[in-house]
*Asks:* 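The structure under discussion is supplied below as structure tokens; questions concerning it will follow.
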There are 2 protein chains.
Amino acid sequence: MTTDRLSATFAALADPTRRAILARLALGETSVTELAEPFQMSLPAVSKHLKVLERAGLIARGREAQWRPCRLEAAPLQDIAGWVEEYRRFWEGSFDRLDAYLQTIQKGEGNDTSN
Amino acid sequence: MTTDRLSATFAALADPTRRAILARLALGETSVTELAEPFQMSLPAVSKHLKVLERAGLIARGREAQWRPCRLEAAPLQDIAGWVEEYRRFWEGSFDRLDAYLQTIQKGEGNDTSN
DNA sequence: AGTGTACTTAACCTTTAAGTTAATTAAATG
DNA sequence: CATTTAATTAACTTAAAGGTTAAGTACACT
């Protein structure tokens, strides 16, 4: 996995435990122990998941006595939203027109449509 | 990685090569060889990426003589769009209100906010 | 039937991911 | 100052991801 931001974000979101953690954090900042509570895995495992989320910029962590409260960070989610919006035309009307148009281009000239 | 659909989709999208393939397919259906052309990796490597995309439902493959044309499938992308939309309130106005409200709930009662 | 083209499968290697238990750090509290 | 609570780090295991080369399959063409 390359470490560009989009890749890191998608990779972080590919795990259901991590998505559940984000969903919990959507309800507000909380501690690691409380985040771990719903899961059957060990605390170190959750700690690792949090590190993945942090490296992807999806959460930020504070310090409050012996607790390390986590909170959701929106920026990478905005990136995802922006990325996927680019594909919206595919499930909306403009798809067919665009597709038909570019099919022509493709077959008309060479395969110069790299990247 | 669990094989629920969202996880498979996010995992598939976590690779920049695969995202580039999808971007190319947004320009229209094309062959494996043409898809592979922009990349420095071997054809089998691309073939594997296509299999990942196919298993995630992000592409479908046809048969035309010795070619196996690939085309983009929108459904899993719609799932992603739907998922991320749930978090939109975080980077829009309602965040602060929601956050404040749920902070109160949390501290008021126990940690019954599992999952 | 034999050859070229398009692609996949097989076998393998190396790196990373996700989990474990045990040990460690850090702060609060008796 | 010893103990409890909160969380991380270390060391390790297993499995999966992503790449390679070499071999195999499928169809088209002469």
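Sequence lines set the chain letters: A, B, ... in the order given, protein chains first and strands last, and positions in each chain run from 1.
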*Asks:* Can you tell me if B/S7 uses its side chain to pair, donor with acceptor, with the backbone of A/A14 under 3.5 Å?
*Replies:*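 It does hold such a pair.
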*Asks:* What is the distance, rounded to the nearest whole Å, between atom CD of A/E64 and atom C1' of D/dA7?
*Replies:*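 Roughly 15 Å, once rounded to whole Å.
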*Asks:* Can you tabulate the close N/O pairs, meaning under 3.5 Å, that link protein atoms to atoms of nucleotides 25-30 of chain D?
*Replies:*
residue	atom	partner	partner atom	Å
D/dA26	O3'	B/R63	NH2	3.4

*Asks:* So with a 6.0 Å cut-off around CZ of A/R55, is the heavy-atom count from everything else above 12?
*Replies:*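 Atom CZ in A/R55 is not crowded, with 12 or fewer foreign heavy atoms closer than 6.0 Å.
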*Asks:* Does this structure show an ion pair linking A/D4 with B/R19, if we count only N-O contacts that are shorter than 4.0 Å?
*Replies:*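 Yes, A/D4 and B/R19 are salt-bridged.
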*Asks:* Expressed as a whole number of angstroms, how long is the span from A/R61:CZ to D/dT9:P?
*Replies:*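 Going from CZ in A/R61 over to P in D/dT9 covers 8 Å.
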*Asks:* Is it true that a side-chain atom of A/R63 and a backbone atom of A/R68 form a donor plus acceptor pair closer than 3.5 Å?
*Replies:*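 Pair absent, no side-chain N/O of A/R63 close to backbone of A/R68.
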*Asks:* Of the nucleotides D/dA7, C/dC7, C/dT21, which one has an atom closest to the side chain of B/S31?
*Replies:*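 When the side chain of B/S31 is considered, C/dC7 is the closest of D/dA7, C/dC7, C/dT21.
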*Asks:* Please list residues of residues 47-54 of chain A whose heavy atoms come under 4.0 Å from any atom in DNA chain C, ordered by number; otherwise none.
*Replies:*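 When residues 47-54 of chain A is checked for heavy atoms under 4.0 Å from DNA chain C, the hits, listed by number, are A/K48, A/H49.
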*Asks:* Return the value, rounded to whole Å, for the distance between atom CD of B/Q40 and atom P of D/dT21.
*Replies:*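 Rounded to the whole Å, the gap is 13 Å.
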*Asks:* Between C/dC7 atom P and B/M41 atom CE, what is the distance in whole Å?
*Replies:*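 Spelled out: CE on B/M41 to P on C/dC7 is 16 Å.
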*Asks:* For a ring pair (Phe, Tyr, Trp, His ring centres under 6.0 Å) check, start with the C-alpha distance between B/Y87 and B/W83, then their side-chain angles and the critical distance, and finish with the verdict.
*Replies:* CA-CA 8 Å; B/Y87 290 88; B/W83 182 88; 4.9 Å; yes
*Asks:* Assign each of A/P44 and B/P44 to its nearest nucleotide of DNA chain D by heavy atoms, then name whichever residue's nucleotide is nearer the 5' end.
*Replies:*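 This one resolves to A/P44.
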*Asks:* Please report the interatomic distance CD1(A/I21) to CG(A/L72), rounded to the nearest 0.5 Å.
*Replies:*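 Spacing of CD1 (A/I21) from CG (A/L72) equals 11.5 Å.
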*Asks:* Rounding to an integer number of Å, can you tell me how far A/E29 CD sits from D/dA6 C1'?
*Replies:*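 It works out to 16 Å between those atoms.
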*Asks:* Do any N or O atoms from the side chain of A/R71 and from the backbone of A/E29 form a donor-acceptor pair under 3.5 angstrom?
*Replies:*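 No, because the side chain of A/R71 does not come within donor-acceptor range (under 3.5 Å) of the backbone of A/E29.
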*Asks:* Taking it one step at a time, do A/L50 and A/C70 satisfy side chain to side chain contact (heavy atoms under 4.5 Å, CB included)?
*Replies:* CA-CA 9 Å; A/L50 293 174; A/C70 300; 4.1 Å; yes
*Asks:* Indicate yes or no for a side-chain donor-acceptor contact from A/S47 to the backbone of A/L43 under 3.5 Å, with no hydrogens or angles considered.
*Replies:*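 Judged by distance alone, no pair lies under 3.5 Å.
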*Asks:* Take atom CG of A/L43 and atom C1' of C/dA22, then tell me their distance rounded to the nearest Å.
*Replies:*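 Roughly 14 Å, once rounded to whole Å.
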*Asks:* Provide, to the nearest angstrom, the distance between the CG atom belonging to B/D15 and the C1' atom belonging to D/dA16.
*Replies:*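 Nearest whole value for this atom pair: 14 Å.
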